[in-house]
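Start at 1 and go down the list; that is how both ligands and their atoms are numbered.
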Amino acid sequence: MSSKYMLFARCIPSGECLKCPFKGKSVTYGPFKSRRRGMSVGINLYPGEKVCSFNCVYCFRGSTAVKTLEPTVDTYRISAEVLRKALEEALRNVGELDAVDFSGSGEPTLHPKFSEFIDVVRDFTRELNLDVSVGVFTNSTTLDREDVVRALRKLDYVEAKLDTVVEWKFKVINRPYKTLRISDIVDNLVRFRRIFSGTLAVQVMLLRYLRVSNYTVQDAELLANTLLKIKPDVVHIYTVYRLPRLSSVLRVDEESMIKYARVLEEKGLNVEVFTR
Ligand code: SF4
């Protein structure tokens with residue numbers, strides 16, 4: 001395959017992104033059945049190389065090539081015109097469609113044109129009379145920026161990652177950019193929730209990695225108390241279900257996931273568990 005990006009890649013049935021020949025190289029991908037979002041098309045703003053403020057040990061997109069907190073473009077610097085063409089390819093013969101989500105290879109909110117790209121998606125789906133939810137999967141590390149918060153408020157759905165609130169575990173599991181602290185990210189999420197009227201989901205990936213785990217009862221209690229401050233609409237609990245970046249990352253058994261979820265539910269949180 002050429003190293004040039006593609007506008008659109010049809011997802012392989014296995015859903016194993018690390019096995020996909022087009023892995024991370026297309027601007028749009030899908031349509032695929034998302035466990036959370038229904039029939040979806042994804043948008044990848046970094047088809048050149050993965051740009052992210054994290055390098056999570058479980059990331060199924062491989063290693064972060066550019067770890068940064070600054071607005072950053074990749075080699076291909078995709079434009080509004082390119083995104084529009086990629087959407088045309090992806091949505092040309094689409095039947096049922098529930099959602100269009102910014103996700104893909106890296107952290108979408110780091111792209112300097114993120115806000116403009118949301119408008120492109122909105123305009124294009126409106127032209128096609130598609131009644132879809134437009135959302136983003138984010139690691140929430142840019143919520144201290146007013147321009148990002150303004151952009152996110154235009155969306156219907158924000159799914160924010162929060163795997164642990166224990167500072168040292170955060171460093172081990174998410175391998176964040178050096179200045180990031182989970183306590184600051186939580187504070188920004190609390191502020192964001194107050195002004196965001198769309199659906200806010202928090203996603204938690206439970207795992208074991210070497211001697212570290214994030215699914216003890218104490219982990220659950222700490223996270224639950226934090227979530228009570230954030231007030232998300234729903235909490236999504238996962239474990240590793242695609243090939244992780246590091247082979248020493250292990251899945252958590254179903255019983256432990258349910259036990260973890262119970263702690264959150266007992267505090268009154270709305271929880272969905274995805275065991276596979
Ligand atoms: S935040 Fe997402 S894209 Fe970035 S390293 Fe973690 S799982 Fe991968």
What atoms of ligand 1 come within less than 4.0 Å of a heavy atom belonging to Asn139?
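Close to Asn139: 1 (S).
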Per-atom contacts, ligand 1 versus Asn55 - under 4.0 Å to a heavy atom:
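Within the 4.0 Å cut-off of Asn55, ligand 1 contributes 5 (S).
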For [atom], closest protein heavy-atom neighbour:
atom                    : result
atom 8 (Fe) of ligand 1 : Cys59 SG, 2.3 Å
atom 6 (Fe) of ligand 1 : Cys56 SG, 2.3 Å
atom 2 (Fe) of ligand 1 : Lys161 CE, 3.9 Å

For residues Thr142 and Glu107, is any side-chain donor paired with an opposing acceptor at under 3.5 Å?
no
Are side-chain N/O atoms of Asn174 and Asp163 paired as donor and acceptor at under 3.5 Å?
yes
Using the six-membered ring wherever Trp is involved, compare the ring planes of [X] and [Y] and label them parallel, tilted or perpendicular (cut-offs 30° and 60°).
X      : Y      : answer
Phe117 : His111 : tilted
Phe114 : Phe102 : perpendicular
Phe32  : Tyr29  : parallel

For Arg61, which part has a heavy atom under 4.0 Å from ligand 1: side chain, backbone, both, or neither?
neither
With a heavy-atom distance limit of 4.0 Å, tell me whether Lys50 approaches ligand 1 through its side chain, its backbone, both, or neither.
side chain
Which of these passes side chain to side chain contact (heavy atoms under 4.5 Å, CB included) with Val134: Leu155, Asp101, Ile43?
Leu155
Got an N, O or S from Cys52 under 2.8 Å of atom 4 (Fe) of ligand 1?
yes
